[in-house]
Each structure stands twice: as C-alpha cells, then as structure tokens.
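Heads up: the structure comes next, in structure tokens.
So you know, we letter chains A, B, ... as the sequences are listed, proteins then strands, and number each from 1. All values reported here derive from a predicted model rather than from experimental measurement.
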There are 4 protein chains.
Amino acid sequence: MTSTRTGRHRYAARLNAFRASASAGKKPTVAEMIKAAGHVGGLTAADLNYPDHFAFHDGVALARLLAENGMALNGLAMRYYTDPGFAIGAFTNPNPATRRAAIDLTKQGIDTLAEMGGRLMTLWMGQDGFDYAFQADYARMWDDTVAAIADVADHNPAIDISIEYKPNEPRAFALMPDVATTLLALREVGRPNTGVTLDFAHVLYADEMPAHAAHLVSRHSRLLGVHLNDGYGKRDDGLMAGTVHAVQTVELFVELDRAGYDGVIYFDTFPDQSGLDPVEEARTNIRLTERLREVAKVLTGEAALASAIAAQDAAQSQRIVAAALYGA
Amino acid sequence: MTSTRTGRHRYAARLNAFRASASAGKKPTVAEMIKAAGHVGGLTAADLNYPDHFAFHDGVALARLLAENGMALNGLAMRYYTDPGFAIGAFTNPNPATRRAAIDLTKQGIDTLAEMGGRLMTLWMGQDGFDYAFQADYARMWDDTVAAIADVADHNPAIDISIEYKPNEPRAFALMPDVATTLLALREVGRPNTGVTLDFAHVLYADEMPAHAAHLVSRHSRLLGVHLNDGYGKRDDGLMAGTVHAVQTVELFVELDRAGYDGVIYFDTFPDQSGLDPVEEARTNIRLTERLREVAKVLTGEAALASAIAAQDAAQSQRIVAAALYGA
Amino acid sequence: MTSTRTGRHRYAARLNAFRASASAGKKPTVAEMIKAAGHVGGLTAADLNYPDHFAFHDGVALARLLAENGMALNGLAMRYYTDPGFAIGAFTNPNPATRRAAIDLTKQGIDTLAEMGGRLMTLWMGQDGFDYAFQADYARMWDDTVAAIADVADHNPAIDISIEYKPNEPRAFALMPDVATTLLALREVGRPNTGVTLDFAHVLYADEMPAHAAHLVSRHSRLLGVHLNDGYGKRDDGLMAGTVHAVQTVELFVELDRAGYDGVIYFDTFPDQSGLDPVEEARTNIRLTERLREVAKVLTGEAALASAIAAQDAAQSQRIVAAALYGA
Amino acid sequence: MTSTRTGRHRYAARLNAFRASASAGKKPTVAEMIKAAGHVGGLTAADLNYPDHFAFHDGVALARLLAENGMALNGLAMRYYTDPGFAIGAFTNPNPATRRAAIDLTKQGIDTLAEMGGRLMTLWMGQDGFDYAFQADYARMWDDTVAAIADVADHNPAIDISIEYKPNEPRAFALMPDVATTLLALREVGRPNTGVTLDFAHVLYADEMPAHAAHLVSRHSRLLGVHLNDGYGKRDDGLMAGTVHAVQTVELFVELDRAGYDGVIYFDTFPDQSGLDPVEEARTNIRLTERLREVAKVLTGEAALASAIAAQDAAQSQRIVAAALYGA
C-alpha cells in the first residue's frame with residue numbers, strides 16, 4: 001500500500017495525539033485513539049508504539065482496528081519504558097543485562113511488525129546519551145550502540161531500521177543528536193536495511209536546514225521516515241506543519257521529491273500542548289501540508305528558480321519563492 | 001513627512017548595505033551609498049550613522065544628498081567607534097571620562113539630528129555589557145546606563161531617544177539584551193521622550209515573539225522604530241524580510257496597526273553576507289513586505305480569526321492565517 | 001526557623017526527586033519521599049506541591065512527616081493539573097471559569113500554607129503562554145495574569161507570592177519567560193507581598209547571567225527563592241549544582257550575600273533523568289554547594305578582585321577567581 | 001619541535017589578539033604582534049594567517065621573526081578575503097573561476113607552509129554555507145567542497161589539511177557546522193593527510209560536549225588541532241580558557257591524552273572584545289590551562305572515577321571531579 005499507487009504521500013497519525021478523545025476522565029484506549037484518528041479523514045496510515053500500544057491488543061487486533069478506520073500500518077516505533085533501568089540508557093546502559101533487554105525488546109517489536117506485514121521499525125533512542133562530563137565512556141557507548149543497531153538490523157534483514165535523531169530530552173545530550181552523527185553511526189553499523197527518520201522540529205533545533213538534512217541522508221544512507229511538524233528551533237515544539245517555517249517546509253518537499261521519497265508523512269504534533277481538538281488539529285495539518293506540497297510542485301518546475309539557485313542569487317530566488325508561496 | 005499622509009509606512013534604507021555600490025576596489029562613499037539606495041525605488045527614508053556617515057559631509061550636505069535621491073531623514077543611529085576605549089563600554093565604561101565622552105558624542109549626534117530637522121535618535125548600546133562573571137559591577141553598569149540615557153534624553157526633550165536591544169555581539173551579554181530588560185531600564189530612566197526600536201532578527205534570537213514584544217513596548221513605553229528582516233533565532237542573521245517567518249511578520253504588522261505605529265520600516269538586512277546586489281535585495285525586501293502587509297490587513301478584519309484567538313483555538317486560527325497567507 | 005539562626009542557608013529538598021525511593025513497582029507516596037529526603041542528612045527544608053502532595057495527607061500530617069525527618073516547610077509550589085483545561089492556561093485560560101478555578105485553587109493553596117505556618121507560595125505558571133502566532137491575545141493574557149497575581153496576593157497579605165520564571169515547556173513560549181518580563185509583570189501587579197524565584201538552569205537558558213538576574217530582582221522586586229542546579233543553557237537540565245557553571249554559581253552566591261538573601265537553597269535537580277540514587281545525588285549537591293559557598297566567601301573579601309571588577313579587567317579578575325576556585 | 005620532547009603541549013598564539021600592541025593610532029604590523037606575543041612568556045608557537053600575515057613579509061622573514069620571539073611555526077590558517085567574490089563562498093562559490101581561485105590560493109598557502117618547514121594547514125571554510133532555503137544546491141556545494149579538499153590535500157601529501165568547523169558566522173549556516181558533518185565530508189574526501197581542528201567555543205555552540213567531539217574525531221579521522229577558549233554555547237565568544245566550563249575543559253584534556261594528541265594548544269580568544277591587555281590575557285589563559293591540565297592528570301589516574309564512569313554513576317563521578325577540581 002505505497003503512495004506510488006496514488007502518486008502522493010500518505011498521511012500518518014500520531015495516535016497519542018488523540019488522547020483527548022478518551023471517554024471523559026478515563027485513560028484513553030488504543031481503540032479510541034485509532035477511531036478518533038479515523039475521523040479526521042485523510043489519515044490513511046499510522047505508526048504504533050511498541051510495546052505501549054500492544055498492552056491490551058495483539059498485532060492482529062491492532063491491524064484490524066486500523067483497517068476498520070481507514071488506516072494501514074506504516075510501522076512501529078520503539079519505546080523503552082518497560083524497564084526503569086532504561087532511564088539511563090537502552091543500548092548504552094552500563095548494565096549488559098539491560099542492554100540485552102533493550103535489544104531483545106526491539107527484536108520482539110521487529111517480530112511483531114513482521115507478523116503485521118509491516119516493514120519499518122523506527123528507533124528514537126532518547127534514553128541513550130549523557131548529562132554530565134565524566135558520566136560515561138563515549139567510546140563504549142558508541143560501540144554498544146553500533147553493535148545493538150547491527151544486531152537488531154540482522155534480526156530480520158527484510159525489516160528496515162530507521163534511526164530518528166533528536167538533540168536532547170530526556171537526556172541533556174542524546175548520543176544521536178543530529179543528522180550527521182546519525183549517518184556516521186549508520187556507516188559504522190554498515191547494514192543495508194538501515195536509514196534515517198527526519199523530524200522537522202528536531203531538525204530545526206539541531207540547527208539544521210531540513211532540505212539539507214534530507215540531502216545528507218540521501219547522500220549517505222536512506223531516508224525512511226519523515227515526521228512533519230514545526231517549531232522555533234529551541235525544543236521539540238510539535239507544532240502544526242507549515243505554521244512557522246513554510247518556506248523550509250516547501251524546500252523539504254522539493255528535496256523529498258528529488259530523492260524519490262515515497263514513504264508516509266507522519267504528523268508528529270502535540271495538540272494537547274495547546275489544548276486543541278486533535279481531529280481539527282490533524283485536519284489543519286493536512287490542509288496546510290497539501291497546499292505547501294502544491295507550492296513545491298510549482299517551484300520544482302520553475303526554471304527561473306533553478307537559475308537563481310545555480311547562481312546562488314537569493315535576491316531572485318526568494319522573490320520567486322515568495323511569489324509562489326504567498327503571492328508576493 | 002509622516003506615513004499618515006500616505007496611509008502607509010515608509011521604507012527606510014540601511015545605507016551600509018549599499019557598500020557594494022562603491023566604485024570597484026574603492027571604499028564606498030556615503031554619497032555613493034545614498035545614490036544606490038535611491039535607485040531601488042520605494043526607499044523614501046534613511047537612517048544615518050553618527051558620527052560615521054558625517055566623516056566627509058555635514059548634516060546639510062547629507063540632507064541634500066538624501067533629498068536628491070528621494071529620501072527623507074528618518075533619524076540618526078549612534079555608533080561608538082571613535083574611541084577605542086568604547087570597546088569595553090560606552091555608557092558602562094569603567095572610566096568616567098570615557099563614559100562622559102560617549103554621552104557627549106551622543107549629544108553632538110542629537111544636536112546634528114535637530115539641525116537636520118530629525119526627531120529620532122536610535123541607540124544600540126552594543127558595547128555595553130559583559131563577557132565574564134566577576135568582570136563588572138552590574139549595579140554600577142545599570143546606574144551608569146540609566147543616568148546616561150536620562151542625560152541624553154534631557155539634552156533635547158524634543159528629540160526621541162529609542163533604545164534598540166540585541167542579545168549579544170560584540171559582547172557576550174548585552175546589558176540591554178531583550179525587550180523587557182529595555183523596558184525596565186526605560187522605566188528607571190523615567191523620561192517621556194524615550195522608547196524602543198524592535199529589530200525582528202534580534203527579537204527572534206532574544207527568544208521573543210515579535211508581536212508580543214511589540215505589545216510589551218506599547219504597554220510600557222513607546223514603539224519608535226521597527227527594523228524589519230528575518231533570521232533563524234540564533235544570531236543577527238539580517239536576512240530579507242518575510243523569507244523565514246512570514247506568519248510572525250504578518251502578526252507583527254497586525255500589532256503595529258493596532259498600536260498605531262506610523263514610523264518607518266527600516267530594512268536592517270545584510271545583502272553582502274549573501275553576495276547579493278543590494279538594490280535587488282532591497283526590492284525583494286519591499287515586495288515581500290508589501291504583500292505581507294496586505295495579508296495583515298485582510299486578517300485584521302477577519303472576524304473568524306478574532307473568534308479563534310479569543311478561544312485560543314490554534315487549530316482554527318492557523319487554518320485562517322494559512323488560507324490568507326498562502327492559500328491553504 | 002530562618003537561616004539567620006545558623007548563619008547559613010538551609011538546603012531544601014525537591015521531594016519528587018525521591019520517587020525512586022518508592023517500594024519496588026509501586027507509585028511512591030509522599031511519606032516515602034519525605035523519609036528518603038530525610039536520609040540525606042543536610043536537607044532541613046522542603047517545598048510541597050499543591051495540591052499534588054496533599055492527595056492523601058492534609059497540612060498537619062505533612063508538617064508532622066517533615067518534622068519527623070528533620071525538615072521544616074519552606075513553602076508550597078502550585079501545580080495546575082487538576083483541571084485538564086489548565087493545559088491551555090491557568091491564569092491565561094480563555095475560559096473565565098477556568099481562570100477562576102486556577103485562582104481559587106491557588107487561594108486554597110495559600111490557605112493551606114498559612115495553616116501550616118508557612119509564608120512562601122511559589123507560582124511557576126508553566127501552562128500560561130502560547131505556541132503559535134495568532135493563537136492568543138497578548139494584552140488579554142497580560143491583563144488576566146496581572147489581575148490574577150494581584151488577586152492571590154491580596155488573599156493573604158502575610159503570604160509572599162513568588163513568581164518562578166522559565167522560558168518554555170510545556171508551552172513553546174511562557175508568558176513569564178525571563179527575569180525582566182517577570183519584573184515588569186510584578187510592577188504592574190504592584191503588591192508588596194510579591195517577589196521572584198530564580199532557578200539556575202532556567203536562568204541559563206533564558207540567556208541570563210545568574211548574578212545579574214539576581215541583581216535585577218533585588219533592584220526591582222524581592223528575591224524570595226533560589227533553586228540551585230545546573231545546565232547547558234538549552235533546556236531545563238536539572239543537573240547537580242556546580243557541575244557545569246561553577247564560576248557563575250560562585251558569583252551568584254556573592255550576589256545573594258550582597259542582597260542579604262536568607263532564604264533556602266532548593267535543589268531543583270532531576271536525579272531520575274540520569275538514573276541516580278536521589279539520596280547520593282542530594283549529598284553531591286550539598287557537598288559541591290558548600291564548597292562553592294566557601295569560595296564565594298573568600299572572593300567577597302578579596303580586595304584585588306574588587307579592584308579588577310571596578311576596572312572591568314577580566315584578565316585579572318578571572319585569574320583571581322580561578323586561583324580561589326581551583327587553585328590556578 | 002613536538003611536545004613529546006618536553007612531555008607537554010606547547011601553547012600557540014593567535015597573533016591578531018595582539019592588535020592592541022600596535023603603536024598608538026596605527027594599524028598593527030605583524031612584527032609588532034609577534035613581538036607582543038613573545039612577551040607573554042609561555043607562547044612557543046603561532047599560527048599565521050595566509051595570505052593576510054604575508055602582506056609585507058615572506059615566509060623566511062616571518063619564520064625569523066617568530067624564532068626571535070621564542071615561537072615556532074605551528075601552521076598556517078587560510079583566510080579567504082582577497083577576492084570579494086569569496087563572500088558568497090570559497091570552495092562552494094557558484095562561479096567556477098572563483099572556486100578555482102580559492103583552491104589556488106590554498107595551494108599557494110600550502111607551498112608557503114612547506115617552504116617554512118611547517119606541516120599543518122587549517123581551513124576554516126567560514127564563507128562556505130548558505131543563508132536561505134532555495135539559495136543554493138546542497139549536492140553541488142558538497143561535491144565542490146569534497147573535490148576541493150581532495151585537490152588541496154593531494155597538492156602536497158606531506159602537509160596535513162585540518163578542517164575547523166563552526167556552526168555559523170559569517171553565513172547563517174556553515175556547510176561544515178559541527179563535528180559529525182565534518183567527519184562525513186572527510187570520509188568522502190578519503191585522503192590520509194586530513195583531519196579536524198576543534199575550537200572549544202565552536203564545539204559548545206554546535207551543542208557538543210568537547211571530549212565527545214574529540215572522541216568522534218579520533219574514531220573517524222585525526223585530531224590535528226585544538227583551539228582552546230570558552231563561551232556560553234550561543235556564539236563564538238572567544239573567552240579565556242577555563243573561565244566558564246572548567247569541568248568540560250578538564251574532560252577534554254583527559255580525552256586528548258587518551259587520544260595521544262601531541263599538537264599545540266592554540267588560544268583562540270578575543271581580548272579586544274573585553275578591552276583586555278592581550279599579554280595579560282594570554283598569561284591568564286596559560287595559567288588556568290596549566291592548572292586544568294594538572295587536574296586532568298590527577299583524574300586520569302583516579303580508579304574511583306573510572307569505576308563511577310563504568311557504572312555511569314554521576315552522583316559519584318561529579319563528586320570526585322569536584323573534589324579534584326575545586327576541593328569540594
């Protein structure tokens with residue numbers, strides 16, 4: 001069920017954004033969240049968190065729930081909560097048993113994903129990093145991380161392992177904070193079934209230009225996931241797509257097309273942070289994204305823009321972009 | 001020559017942006033820069049730096065050069081370069097003679113401004129601040145700064161003294177780094193002929209939302225100057241207006257209208273940083289700004305937006321803004 | 001029970017740091033956390049969160065638990081969790097009933113505090129702010145905030161209301177993000193029983209120098225609370241005190257002494273983020289803090305340092321500071 | 001003249017820091033700056049900027065001036081000022097003739113370096129980068145940069161080419177902004193005579209931990225240069241070494257020893273920014289650095305620290321570090 005059937009990206013839901021859909025006062029169930037995401041109209045895929053979303057449903061049940069609500073499984077995303085020891089590291093934990101547990105949990109996630117017919121396992125290794133100087137052995141953490149990623153990649157070569165980087169939070173420094181560090185790690189890992197997931201807000205606060213980060217990924221690895229949202233470049237703001245950096249979002253779409261990215265666009269946004277109705281918030285995400293993708297198409301064919309870029313003449317290129325984007 | 005005659009803001013030139021207009025290989029003269037700014041078409045005002053731009057011309061000559069090129073004087077902006085001792089502070093210098101020299105130089109600038117018929121003296125006290133802990137006495141720097149601003153304000157009560165803040169550079173910490181610190185200082189100064197100049201890129205890297213900063217200025221002081229440009233919130237990028245944060249630029253225009261701001265829009269941009277033809281770059285600045293001001297007018301009258309804002313419903317407000325701005 | 005009896009600051013516990021002390025697998029009780037904090041030896045005060053920590057104990061019971069473990073109540077700190085509507089604002093909520101609920105909850109906290117014999121109510125208004133341009137009316141949010149703070153301050157003029165600022169999180173922009181904005185707000189509030197709480201890590205990522213922020217508070221308001229910790233200036237890192245910015249911590253202590261601050265030093269640190277034993281982590285906090293306070297005392301009497309500061313000669317001042325701090 | 005003869009790093013001067021040594025009112029000559037650096041006592045090496053410092057002296061004359069003042073040449077550092085076209089890029093310039101000119105200028109620098117008996121050419125490609133989205137072709141800039149570095153590396157395989165990264169300034173985004181991007185580029189370049197120069201303040205505002213950055217360089221390339229200074233993680237502050245981040249400086253020294261770094265420690269500091277006497281400022285740099293290196297030696301042999309690090313127990317490690325550093 002790839003986008004190539006429709007010639008367009010599919011949009012995927014972040015299910016936890018739909019927590020507000022729970023029956024009043026109760027903790028939301030996965031079924032309720034999937035149902036709410038299905039109400040949006042336009043979300044045709046979803047990532048599930050493993051093991052969190054599988055607490056009360058197995059893969060078969062979840063796949064059915066998704067299908068009933070018009071969504072296909074995009075992939076799974078690991079969460080390392082089940083062992084409090086993970087707080088100080090999953091793959092980089094000082095305790096080899098805990099590292100092994102993190103790897104085994106990931107393999108279980110991979111097995112579950114494969115059973116569900118999925119192909120994409122996203123790893124945001126948020127627990128892996130450090131907070132202090134003289135806290136951990138950097139070489140050891142790198143060796144352990146590279147070995148772990150290779151181990152999980154080898155567990156099922158038909159499953160893609162995509163590393164999603166983020167500068168910090170919950171650790172003061174993530175071990176994989178930015179695109180280039182992630183690419184260096186994947187080069188050490190040296191497995192073909194690996195790649196990178198870009199999260200727009202993470203990219204911004206890693207001080208990167210989204211299209212440039214996407215180019216580096218294409219150049220050195222494979223772009224397997226795109227989390228679209230927006231922010232102010234200081235933290236993981238999780239704002240609706242296109243609400244702050246429209247120009248950079250358009251440039252990212254141009255680069256995604258150039259790179260032949262045919263995966264989903266996953267809205268990694270936090271409506272609850274702003275007290276928003278998640279269904280309406282998702283509709284705004286889709287609407288703004290659709291328009292910015294149109295602008296990207298227009299600009300892709302714009303010869304005058306290509307000339308300005310070749311000359312690095314921003315006085316011209318910004319005029320062309322602004323004309324296409326907002327009628328300047 | 002206020003904008004109220006035309007019902008629109010005038011656009012002012014940053015003359016030093018036109019350095020590239022100099023005869024090949026030579027240092028550009030003020031006359032050459034003014035002439036180049038005049039070629040843009042649309043720049044009808046300019047700020048002159050004092051004493052820099054007066055090295056070879058007096059006020060009468062400069063006023064005539066401006067007029068010949070279709071520009072009126074908006075005001076003067078002080079630069080504290082003439083005494084190498086200013087590097088460690090102008091108003092906050094540890095040496096009372098140097099502080100006195102900075103104050104006297106500012107008064108000379110005020111006198112020159114008055115002779116030229118101008119009313120706005122902008123003070124960006126970039127040299128005043130600190131780099132290290134245990135470097136300077138904060139209370140002393142504050143007392144000296146407040147006394148100096150009061151002193152120069154009293155020199156000619158018909159002249160407005162506008163403080164332009166900037167987080168850092170050339171000092172690691174400016175004494176006036178953000179909007180609220182500047183407003184606290186002006187409250188201590190307690191003179192009616194004072195106010196604040198907002199520079200969009202400075203506002204961004206002071207981690208402020210431009211319209212909110214403008215509101216605070218209106219609430220506690222007077223908004224006397226607006227320097228329009230753009231950036232990424234990490235440094236004084238000096239990019240062309242509307243090229244990164246179009247939404248926030250539009251919101252600023254809505255707030256400027258609400259506040260009744262009728263001063264100039266000064267493009268504080270750095271075309272040379274990007275190897276741009278300053279005349280073309282200024283035309284792009286004007287074009288994008290004009291369009292974003294139109295969008296601001298549309299949104300100002302938009303009842304659905306006012307409702308969404310009253311409810312703090314961003315899922316609705318962002319949809320309305322994106323529809324007006326880029327046709328989402 | 002002021003520090004003046006002992007001539008030194010008391011150290012206060014952040015009880016939630018002691019969550020790890022819970023019986024295995026269970027949610028920690030307030031009693032368990034207080035007990036664990038008592039084991040540290042050196043923590044003689046604590047702040048309680050209202051209403052969170054009062055879920056199963058009333059004020060009398062909590063005061064007794066604290067006393068049994070060698071701690072006195074420093075004050076209460078409000079948390080606005082009880083109404084999901086608070087997510088989009090407590091004092092700045094668009095719904096007047098929710099604003100009223102936040103104010104009433106705060107007054108209940110004040111009443112509880114007074115019954116317990118305490119005097120300090122700390123308000124970190126983390127829910128109050130905005131995420132998007134065109135999301136909220138800045139003037140309205142300011143008016144509502146100022147009115148609310150005045151309202152709660154008037155509820156019991158014998159209780160001090162201290163505003164603790166933080167740049168962001170959970171909102172993209174807090175309404176009270178930095179020291180000067182907080183001081184502007186308190187000036188509008190105009191009540192004598194108000195002041196400011198500085199959190200070192202918040203100060204760092206508000207791009208402020210701690211001692212300078214403390215000076216501004218003394219200059220314009222009252223310094224009622226100090227949360228000591230450390231960070232990297234990008235987020236609320238909650239690291240152990242003195243582990244990154246020792247020099248700035250020492251300078252803060254010098255300023256606290258100059259200002260006559262005799263309140264507690266509250267360790268607002270996050271041992272769980274680094275998988276640390278909270279009792280050991282608290283002991284490290286105390287040890288490092290005690291040493292840095294000694295260094296501050298040495299430097300306070302150092303005439304050569306005063307001269308260097310008067311001359312703003314950092315080549316000399318940094319040499320003196322480094323000699324006292326680390327024997328350079 | 002390696003440090004291995006003396007068992008310690010040599011300290012190198014940033015000559016431009018000694019501008020204040022010029023005869024009053026005149027532009028300082030290279031000879032005057034070298035002489036002033038020689039007065040410091042303890043600076044036994046220097047980097048010269050090419051072509052700037054060669055305007056009035058050839059390599060032989062400069063080598064002699066250095067020797068007369070107790071300094072040996074550490075290497076040359078390129079500066080791309082001679083062609084105004086370089087503003088928009090040296091290796092990444094859109095004009096192939098300008099790219100060729102930048103490469104040729106670098107080769108001339110390499111030839112001059114070789115004639116002077118030096119081995120290290122440092123390239124800080126500050127002009128190479130971008131300011132806007134849709135300004136330049138990222139793939140083209142990368143291809144051109146990689147080709148240019150390979151070209152200059154091949155020009156003389158006996159000369160090491162070291163890339164010094166910096167996040168921004170003068171461009172909004174440098175193409176080589178951080179350690180990992182630089183390492184990715186050098187991997188593409190694939191030449192043995194290449195490596196990386198770490199500048200502490202650049203590392204901080206690239207959001208990196210210095211020792212971790214050094215580890216990554218050792219892991220993937222060669223550490224050829226260390227510029228020591230300090231800052232606040234927001235810009236290139238150029239503060240004296242050890243004045244803000246003493247702990248991280250010590251950890252860097254531990255890592256440098258582990259990596260067998262035997263190059264110079266170059267003080268890339270800006271005394272003029274703080275109005276400091278550059279000779280005194282350099283003496284403070286050396287004094288603080290010497291002490292922090294002693295602390296690093298103590299900690300290197302500390303078994304309890306190694307245990308704490310193996311366990312990632314920061315409550316213990318920070319206690320040990322603080323005890324060694326400042327007697328906590």
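Interface residue C/V247: backbone and side-chain heavy atoms are both found under 4.5 Å from chain B. At a 4.5 Å heavy-atom cutoff, the contact between B/V250 and chain C is made by backbone and side-chain atoms alike. The part of B/L299 that comes within reach of chain C is its side chain, from C-beta onward, which places non-hydrogen atoms under 4.5 angstrom from that chain. Heavy atoms closer than 4.5 Å to chain B are found in both the backbone and the side chain of C/A139. Interface remark: B/F134 contributes backbone and side-chain atoms alike to the contact with chain C (heavy atom separation under 4.5 Å). Within the 4.5 angstrom heavy-atom criterion, atoms from both the backbone and the side chain of B/A211 approach chain C. Both the backbone and the side chain of C/A136 come within less than 4.5 Å of a heavy atom in chain B. Of the two parts of B/A311, only the backbone, made up of N, CA, C and O, holds a non-hydrogen atom closer than 4.5 Å to a non-hydrogen atom of chain C. Contacts between C/L305 and chain B at a heavy-atom distance below 4.5 Å involve the side chain alone, from C-beta outward. Contact annotation for B/L216: only side-chain heavy atoms (C-beta onward) come within less than 4.5 Å of a heavy atom of chain C.
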Donor-acceptor pairs under 3.5 Å, chain C to chain B, main chain and side chains both?
residue, atom, partner, partner atom, Å
C/T92, O, B/Q312, NE2, 2.8
C/A133, O, B/Q318, NE2, 2.9
C/F134, N, B/E251, OE2, 2.7
C/F134, O, B/S317, OG, 2.9
C/Y138, OH, B/E251, OE1, 3.1
C/Y138, OH, B/E251, OE2, 2.9
C/W142, NE1, B/H212, NE2, 2.9
C/D143, OD1, B/R219, NH1, 3.4
C/D143, OD1, B/R219, NH2, 2.6
C/E188, OE1, B/R219, NE, 3.3
C/E188, OE1, B/R219, NH2, 3.0
C/E188, OE2, B/R219, NE, 2.6
C/E188, OE2, B/H220, NE2, 3.0
C/H212, NE2, B/W142, NE1, 2.9
C/R219, NE, B/E188, OE1, 3.3
C/R219, NE, B/E188, OE2, 2.6
C/R219, NH1, B/D143, OD1, 3.4
C/R219, NH2, B/D143, OD1, 2.7
C/R219, NH2, B/E188, OE1, 3.0
C/H220, NE2, B/E188, OE2, 3.0
C/E251, OE1, B/Y138, OH, 3.1
C/E251, OE2, B/F134, N, 2.8
C/E251, OE2, B/Y138, OH, 2.8
C/Q312, NE2, B/T92, O, 2.8
C/S317, OG, B/F134, O, 2.9
C/Q318, NE2, B/A133, O, 2.9

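Scanning all heavy atoms of the two residues, the minimum distance from B/P94 to C/A310 falls at CB-O, 3.4 Å.
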